Amino acid sequence: MSVDAEDPKENRLYSVSELSRELAITPRSMRFYEDKGLISPSRVGTTRVYSIRDRARMKLIIRGKQLGFTLRDIKQYLDLYDADPKHSAQKMLLLKQIQKKMRDLNAMGAAISATLSDLENIQQSLLNSFTVDAA
DNA sequence: TTTCTTACA
DNA sequence: TGTAAGAA
């Protein structure tokens, strides 16, 4: 049987350029995440080779970033996957990270509302000063 | 051409 | 993270 072209994806391998293209990020970012210890692609010589699992890991990294988590947060989460096969500690960490993220976002929202309110008040007095002058 | 590393912005 | 530079 011919397995040289499209092996079942379980064994598929990617180069930085291929995977970065598929994930819509730059090869530079992938290497950066590696420097930070979030991924450890295998090597063929000095060239990085990404497996299906590396691809899944990269997707989680990207997902985490989209949700506003830091690379450090994501690394903590990822490091737990390789630990307990039941992933209970991992789930617990994620729950905590999510709750903190929500608290932070709510705090930011409150700060923004407060600033918006200040700005509106200043704007209003400025607007009032004009109508008073006119009257 | 592609990828790698290192250094700097 | 982007870009630049030199090497394989």
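We use all heavy atoms of the structure for the numbers below, so side chains are in, but hydrogens, waters and symmetry mates are not. This one's a predicted model, so the numbers in the text were calculated from it and none came from an experiment. Residue numbers start from 1 in every chain, and the chains themselves are labelled A, B, ... in the order their sequence lines are given, proteins ahead of strands.
Using a 4.0 Å heavy-atom cutoff across all strands shown, A/Lys65 reaches sugar-phosphate atoms only and no base atom.
Between B/dT3 and A/Ser17, a contact under 4.0 Å exists linking OP1 or OP2 to a side-chain N or O. When the side-chain nitrogen and oxygen atoms of A/Arg31 are compared with OP1 and OP2 of C/dT3, none of them lie within a distance under 4.0 Å.
Proximity note for A/Thr26 (side chain, C-beta onward) versus B/dT3, C/dG2, B/dT5: the nearest is C/dG2. Considering only side-chain atoms of A/Ser15, the nucleotide from C/dG2, B/dT3, B/dC4 that sits closest is B/dT3.
The CZ atom of A/Arg21 sits 10 Å away from the C1' atom of B/dT2 (whole-angstrom rounding). Taking atom CZ of residue A/Arg43 and atom P of nucleotide B/dT3, one finds them 13 Å apart after rounding to whole Å. Spacing between atom CG of A/Leu13 and atom P of B/dT2 amounts to 19 Å, rounded to whole angstrom units. Across the protein-nucleic acid pair, A/Met30 atom CE and C/dG2 atom P stand 12 Å apart, rounded to whole Å. Atom CD of A/Glu34 and atom P of B/dT3 are 14 Å apart (whole Å). Rounded to whole Å, atom C1' of B/dC4 lies 12 Å from atom CZ of A/Arg28.
Put simply, the side chain of A/Asp73 never gets that close to the backbone of A/Phe69: no donor and acceptor are under 3.5 Å apart.
Sequence order on DNA chain B of the closest nucleotides to A/Thr47 and A/Asp35 puts A/Thr47 first from the 5' end.
Residues A/Arg48 and A/Tyr14 fail the side-chain proximity criterion, which asks for heavy atoms closer than 4.5 Å. Using a 4.5 Å cut-off on side-chain heavy atoms (C-beta onward), A/Leu93 and A/Gln97 make contact. Using a 4.5 Å cut-off on side-chain heavy atoms (C-beta onward), A/Ile74 and A/Leu60 make no contact.
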